Every structure is written in structure tokens, then in C-alpha cells.
Amino acid sequence: MRITTWNINSVRLRAPLATQVLKILKPDVLCLQETKCPNELFPYEVFQEVGYPHICVNGMKGYNGVALISRIPFEKTNILNWVGREDCRHISAVFEDGIELHNFYIPAGGDEPNIEKNEKFDHKLKFITEMTDWFSTNRKPTDPMILVGDLNIAPLECDVWSHKQLLKVVSHTPIEVDHLNRLMSASDWIDTARYLTPAPKKLFTWWSYRSREWRTANKGRRLDHIWVTPLLKQKIVDSGVLRDARGWEKPSDHAPVTTDLGQF
DNA sequence: ATGGTTGGTTACCAA
């Protein structure tokens, strides 16, 4: 089973790039974030025409939005709301083999890492705390689960181009990393990318639009993640970042991230 | 210390 996650930054603008991703990576399921597209305007046909008939979406006008695009049928799908908002940051599905897949778009958190001064940062931390509580209450680490998405946090020193220079930059602050680690502990999640590519090897999935020469400067961060619960740990066989996609014409600022889980 | 770019909407906001 191959899972790919990608913050597409507008699914309508980049549906053709998404079909490129499908053609190159051939994932069983493509999980998208920042689709920025109301459900009734989602380009279902584009994906159905290239062999992905099973699609479930949770979108809104202008902001956020997530989607699951699959070759494999879903047994059931679900949408959860977080921190009392209906802002389209989650969608989940259970496959016929019982594996549950959660796709999240965690709030970016604004510019200032201060919950008093910046409501968006407060919202981000509350969002992660609520995720932690939800998984603690409603699921067990022994459940077969996959969690993917743009989590908007680069937890390790080697997940950013400069640990020192990003310590006070939202996405890499100690309080965010603490929150993310607590979430990981709630279900004993395994970070599949780091399982196969351990620290201190640098690994990035996002390069800002604002930094020119993104490839050579390589001021990236690893914001996009694929986690699995312990039952699936022994099945992790490969993982990678389609870095080339960041260099395509009119790219997303995120590159697709893929994990292969062998024989079920 | 600052500003850089992009997308969607609306006359700017979020990332």
C-alpha cells in the first residue's frame, strides 16, 4: 500500500500537477491539503479519469480544505471538527482491511509564537491538544492507523535548514514541538520518514515561495508527515519526498511525501 | 532587522 500526502495549495489550479504526481508515484491513496475548493466545485473527473474513482472531500471557499483520492474503496469516511470550528482541516477513511487513515491540515499558526498576542498561534496549539485528547479517548495504539498531513511543524533539528535560526520561528518552536510529541505519544505513532531516514540526515518537504533559488539555498523545512501505529511499523518498506515537484511550473510550495507499507 | 512570493477573494488576508 502506497500513501502520498501533498499540500497542493489550490486543487483547481493544480489538478494537472496532481495527475502528474499520480502518474509518477502511482500511490493507492493521495491525501491533499489546502484544496481551497468548495465540495461542489471539486474536480472529481480529473482524478476519476486517471484511475482514482474513490474520492472524499471536505472543502470550503477560499481557505483550507482536505481530500482523499483513492484507487482502493473506502469502507466508511468521516469528518471531524476541531476547536469548535468547521474549517475543513480533517477527513478520515477506513479501508476494507480495517486500516483507518486520518488526513489533517493543522493550522499554520501566524507569525508570532505567542498565545497572548497571536490568536492563530493559540488556535494551533489548541488544535494539536484536541487531536491528542481525541486519539487518547477514542483510539488505542493497538488500532491499525495511519495519520498524514501538513502538520505545519518541523520537530527535529534536522527537519529545518537552521535549527538555531528557526527556534523562534513558528513551525519549529519548542512549545509546538512539545505539543507534537505529546500527540505522537497518545497513539505511539511512528514517524515513517524518520524510521527509514533517521536523524541527523536533513529532510525537507517545504520551501517558501519567498526564498528564490530554493533548490540551491535549500532553506527548507519538514512540515508534511506520514505516521503509523505500531502494528504497521514492521510494514514500512520505503519513504520519500518528490522534491522535483517543487521545481515544476507553477508549483505548490510543498512537495509530495510518500510511504510504502508492504504486504497486508 | 526586514522583506521576499503565491492563491483566492475582494478591494486584503492567509500562508
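Note on naming: letters A, B, ... go to the chains in the order of the sequence lines (proteins, then strands), and numbering restarts at 1 for each one. Owing to the predicted nature of the structure, the values given are computational and were not obtained by experimental measurement.
With no hydrogens or angles considered, a side-chain donor-acceptor pair links A/Arg221 and A/Ser171 at under 3.5 Å. A side-chain donor from one of A/Asn218 and A/Trp207 sits under 3.5 Å from a side-chain acceptor of the other.
Salt-bridge check for A/Asp188 with A/Lys233: failed, with every basic side-chain N at 4.0 Å or more from each acidic carboxylate O. No salt bridge links A/Lys120 with A/Glu112; every basic N to acidic carboxylate O contact stays at or beyond 4.0 Å. Ion pairing of A/Asp260 with A/Lys235 is absent here, as no side-chain N (NZ or NE/NH1/NH2) approaches a carboxylate O to less than 4.0 Å.
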Carefully, step by step, assess A/His102 and A/Trp134 under the rule ring pair (Phe, Tyr, Trp, His ring centres under 6.0 Å).
CA-CA 12 Å; A/His102 288 269; A/Trp134 190 88; 5.5 Å; yes

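Taking atom C1' on both B/dC13 and B/dT9, the two are 9 Å apart, rounded to the nearest angstrom. If you take atom P in B/dA14 and the same atom in B/dA1, they sit 25 Å apart, rounded to whole Å. Between B/dA15 and B/dG3, the two C1' atoms lie 15 Å apart (nearest whole Å).
Straight-line distance from the NZ atom of A/Lys219 to the C1' atom of B/dG3: 12 Å, rounded to whole Å. Between the NZ atom of A/Lys250 and the C1' atom of B/dT6 there is a distance of 7 Å, given to the nearest Å. Straight-line distance from the CZ atom of A/Phe121 to the P atom of B/dA15: 14 Å, rounded to whole Å. Taking atom CG of residue A/Leu13 and atom P of nucleotide B/dT5, one finds them 18 Å apart after rounding to whole Å. Taking atom CH2 of A/Trp206 as the reference point, atom P of B/dA15 lies 12 Å away to the nearest angstrom. The CG atom of A/Asp253 sits 9 Å away from the P atom of B/dG7 (whole-angstrom rounding). Per the geometry, CG belonging to A/Leu151 stands 15 Å off P belonging to B/dA15, to the nearest Å. For the pair A/Glu34 CD and B/dA15 P, the computed distance is 7 Å after rounding to whole Å.
Qualifying salt bridge (charged side-chain N to carboxylate O under 4.0 Å, His left out) partners for A/Arg210, counting only residues two or more places apart in sequence or in other chains: none.
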Which dot-bracket notation, 5' to 3', represents the base pairing of DNA chain B when pairs are defined as Watson-Crick or G-U with both distances under 3.5 Å, crossing pairs as [ ], and inter-strand pairs as |?
....((((...))))

Identify every side-chain donor-acceptor pair in residues 11-23 of chain A under 3.5 Å, counting partners at least two apart or on other chains, and give the distances.
{"from": "A/Arg12", "atom 1": "NH2", "to": "A/Lys36", "atom 2": "O", "distance (Å)": "3.2"}
{"from": "A/Arg14", "atom 1": "NE", "to": "A/Ile8", "atom 2": "O", "distance (Å)": "2.8"}
{"from": "A/Arg14", "atom 1": "NE", "to": "A/Asn9", "atom 2": "O", "distance (Å)": "3.4"}
{"from": "A/Arg14", "atom 1": "NH1", "to": "A/Lys250", "atom 2": "O", "distance (Å)": "2.8"}
{"from": "A/Arg14", "atom 1": "NH1", "to": "A/Pro251", "atom 2": "O", "distance (Å)": "3.2"}
{"from": "A/Arg14", "atom 1": "NH2", "to": "A/Asn9", "atom 2": "O", "distance (Å)": "2.9"}
{"from": "A/Arg14", "atom 1": "NH2", "to": "A/Tyr209", "atom 2": "OH", "distance (Å)": "3.2"}
{"from": "A/Thr19", "atom 1": "OG1", "to": "A/Pro16", "atom 2": "O", "distance (Å)": "2.6"}

Which donor-acceptor pairs under 3.5 Å do side chains of residues 54-73 of chain A form with protein atoms, sequence neighbours excluded?
{"from": "A/Asn58", "atom 1": "ND2", "to": "A/His90", "atom 2": "O", "distance (Å)": "2.8"}
{"from": "A/Asn64", "atom 1": "ND2", "to": "A/Asp87", "atom 2": "O", "distance (Å)": "3.0"}
{"from": "A/Ser70", "atom 1": "OG", "to": "A/Ile72", "atom 2": "N", "distance (Å)": "2.9"}
{"from": "A/Ser70", "atom 1": "OG", "to": "A/Ile72", "atom 2": "O", "distance (Å)": "2.6"}
{"from": "A/Arg71", "atom 1": "NH2", "to": "A/Lys26", "atom 2": "O", "distance (Å)": "3.4"}
{"from": "A/Arg71", "atom 1": "NH2", "to": "A/Asp28", "atom 2": "OD1", "distance (Å)": "3.4"}

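Hydrophobic cluster membership is shared by A/Leu196 and A/Val148, with clusters built from Ile, Leu, Val, Met, Phe, Trp and Tyr side chains linked at under 4.5 angstrom.
Using a 4.0 Å cutoff on non-hydrogen atoms, the parts of residues 14-22 of chain A near DNA chain B are A/Arg14, ordered by number.
A side-chain hydrogen bond (donor to acceptor under 3.5 Å, both in side chains) with A/Asp159 holds for exactly one of A/His225, A/Arg194, A/His172, A/Lys202; it is A/Arg194.
From A/Ser187, atom OG reaches atom CG of A/Asp143 across 8.0 Å, with rounding to the nearest 0.5 Å.
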Contact list (N/O, under 3.5 angstrom) for nucleotides 11-14 of chain B vs protein:
{"from": "B/dA14", "atom 1": "OP2", "to": "A/Lys120", "atom 2": "NZ", "distance (Å)": "3.1"}

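Between A/Asp111 and A/Pro251, the residue anchored closer to the 5' end of DNA chain B is A/Pro251, taking for each the nucleotide with the nearest heavy atom.
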